[in-house]
Amino acid sequence: MTKTLSEQICEVCGIKPTIIEDYDSNEYEIYPDFENNNNFIKLEEIMLAELAKHHLTVVKWVHYWSDNTLMHEYILITKTGHKIKFKHNDIQVDNCFVERVNRADCLILFILWKVLPICGESIKQAIRQATWEV
């Protein structure tokens, strides 16, 4: 079974699933869902706070693509406005944006692909310690 992006980021950060038992005594693992507005906002705030510690930030851009498809995009930038290619703490940052139709997918992929290599364990710990709605 393919894991959702919400499940993937939870596993990477060490968030254990909540076990739910139904009426037939079947057990299900439930991970926080980052499509949930409260979880989405909290995850984005954690990301921004962790990037700020490294003097980095993002540009969040929502735009139409192909006249009818709304796209969400995060672009990693330095405080001085550099983007696309730069070096930060000896990490070469190339192609520093993620663009997706689904806003939660865009945020999670941006964290997994762009933010984790820079922030490392500190963002994993911040995500793991937060209280999430299931």
Side-chain angles (χ1 to χ4, degrees):
M1 184 169 107
T2 304
K3 293 180 181 168
T4 68
L5 287 173
S6 288
E7 291 171 340
Q8 289 178 40
I9 196 164
C10 286
E11 288 185 359
V12 165
C13 296
I15 297 172
K16 303 289 184 215
T18 302
I19 306 298
I20 304 291
E21 189 174 310
D22 68 9
Y23 294 111
D24 297 327
S25 297
N26 297 317
E27 290 186 347
Y28 298 95
E29 292 183 340
I30 305 291
Y31 286 92
D33 179 7
F34 295 103
E35 297 277 342
N36 170 304
N37 283 335
N38 293 332
N39 288 344
F40 176 86
I41 291 167
K42 188 181 297 184
L43 183 61
E44 188 176 63
E45 288 174 347
I46 288 170
M47 175 194 70
L48 292 171
E50 291 299 317
L51 284 173
K53 292 176 186 176
H54 293 269
H55 305 289
L56 298 169
T57 191
V58 299
V59 172
K60 183 178 179 181
W61 189 33
V62 180
H63 60 94
Y64 278 102
W65 183 72
S66 299
D67 295 331
N68 60 358
T69 304
L70 190 63
M71 299 296 285
H72 300 268
E73 183 174 6
Y74 287 94
I75 304 168
L76 183 64
I77 63 171
T78 66
K79 293 287 185 178
T80 57
H82 293 100
K83 62 179 184 174
I84 305 301
K85 292 184 181 184
F86 59 92
K87 197 167 191 173
H88 179 73
N89 291 343
D90 294 326
I91 298 170
Q92 186 64 37
V93 180
D94 295 324
N95 192 14
C96 57
F97 71 93
V98 172
E99 180 179 53
R100 292 291 183 278
V101 171
N102 180 290
R103 73 179 186 150
D105 289 354
C106 188
L107 175 60
I108 293 168
L109 289 172
F110 187 75
I111 291 171
L112 291 172
W113 295 347
K114 307 301 178 190
V115 180
L116 275 174
I118 293 169
C119 297
E121 194 56 41
S122 68
I123 192 167
K124 288 181 188 180
Q125 182 177 357
I127 292 170
R128 184 173 49 251
Q129 291 176 342
T131 303
W132 302 103
E133 296 178 13
V134 290

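All figures in this text were calculated on a predicted structure; none of them were measured in a lab. What you see below is based on every heavy atom in this structure, not just the backbone, and it leaves out hydrogens, waters and symmetry mates.
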Evaluate side chain to side chain contact (heavy atoms under 4.5 Å, CB included) for Asp33 paired with Thr4, printing each intermediate quantity in order.
CA-CA 9 Å; Asp33 179 7; Thr4 68; over 6 Å; no
For Val12 and Leu116, what are the C-alpha separation, side-chain angles and deciding distance, and is it a side chain to side chain contact (heavy atoms under 4.5 Å, CB included)?
CA-CA 10 Å; Val12 165; Leu116 275 174; 3.7 Å; yes
Can you check side chain to side chain contact (heavy atoms under 4.5 Å, CB included) on Tyr74 and Val59, steps first, answer last?
CA-CA 6 Å; Tyr74 287 94; Val59 172; over 6 Å; no
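Transitive grouping of hydrophobic side chains (ILVMFWY, heavy atoms separated by less than 4.5 Å) brings Ile111 and Ile41 into a common cluster. Both Ile123 and Trp113 are members of a single hydrophobic cluster when ILVMFWY side chains are connected at heavy-atom separations under 4.5 Å. Residue Leu109 is grouped with residue Leu48 when hydrophobic side chains (ILVMFWY) are merged at heavy-atom distances under 4.5 angstrom, including chains of intermediate members. In the hydrophobic clustering of ILVMFWY residues, with side-chain heavy atoms under 4.5 Å counting as a link, Ile127 and Val134 come out apart.
Put simply, the side chain of Met71 does not reach to within 4.5 Å of the side chain of Tyr64, judged on heavy atoms. Between Pro17 and Cys10, the closest side-chain pair of non-hydrogen atoms is not below 4.5 Å. In this structure, His54 and Cys119 have side chains that are in contact, with non-hydrogen atoms separated by less than 4.5 Å. For the pair Glu27 and Ile20, the minimum side-chain heavy-atom distance is 4.5 Å or more. A 4.5 Å side-chain heavy-atom check between Glu29 and Ile19 finds at least one atom pair inside the cut-off.
Expressed to the nearest 0.5 Å, how far NZ of Lys114 lies from CG of Leu56 amounts to 13.5 Å. Atom CD of Glu7 and atom OG1 of Thr2 lie 10.0 Å apart (nearest 0.5 Å). To the nearest 0.5 Å, atom CG of residue Asn39 and atom CG of residue Leu107 are 11.0 Å apart. Rounded to the nearest 0.5 Å, atoms CG (Leu112) and CG (Asp105) are 10.5 Å apart. Note that CD1 of Ile9 and CG of Leu43 are 5.0 Å apart. Values are rounded to the nearest 0.5 Å. Atom NZ of Lys42 is separated from atom CG of Asn37 by 13.0 Å, given to the nearest 0.5 angstrom.
Remark: side-chain polar atoms of Asp24 are not paired, donor with acceptor, to backbone N or O of Asn26 under 3.5 angstrom. Checking side-chain atoms of Lys3 against main-chain N and O of Glu11 turns up no donor-acceptor pair under 3.5 Å. A side-chain donor-acceptor contact under 3.5 Å links Arg128 to the backbone of Cys13. Between the side chain of Glu50 and the backbone N or O of Met47, no donor-acceptor pair lies under 3.5 Å.
Note on Lys60 versus Glu73: no salt bridge recorded, every NZ/NE/NH1/NH2 to OD/OE distance being 4.0 Å or above.
Between the side chains of Glu133 and Asn38, at least one donor N or O sits under 3.5 Å from an acceptor N or O. Inspection of the Gln8 and Tyr31 side chains reveals no N or O donor paired with an N or O acceptor under 3.5 Å.
In summary, the aromatic rings of Phe34 and Trp132 are positioned with their centroids under 6.0 Å apart.
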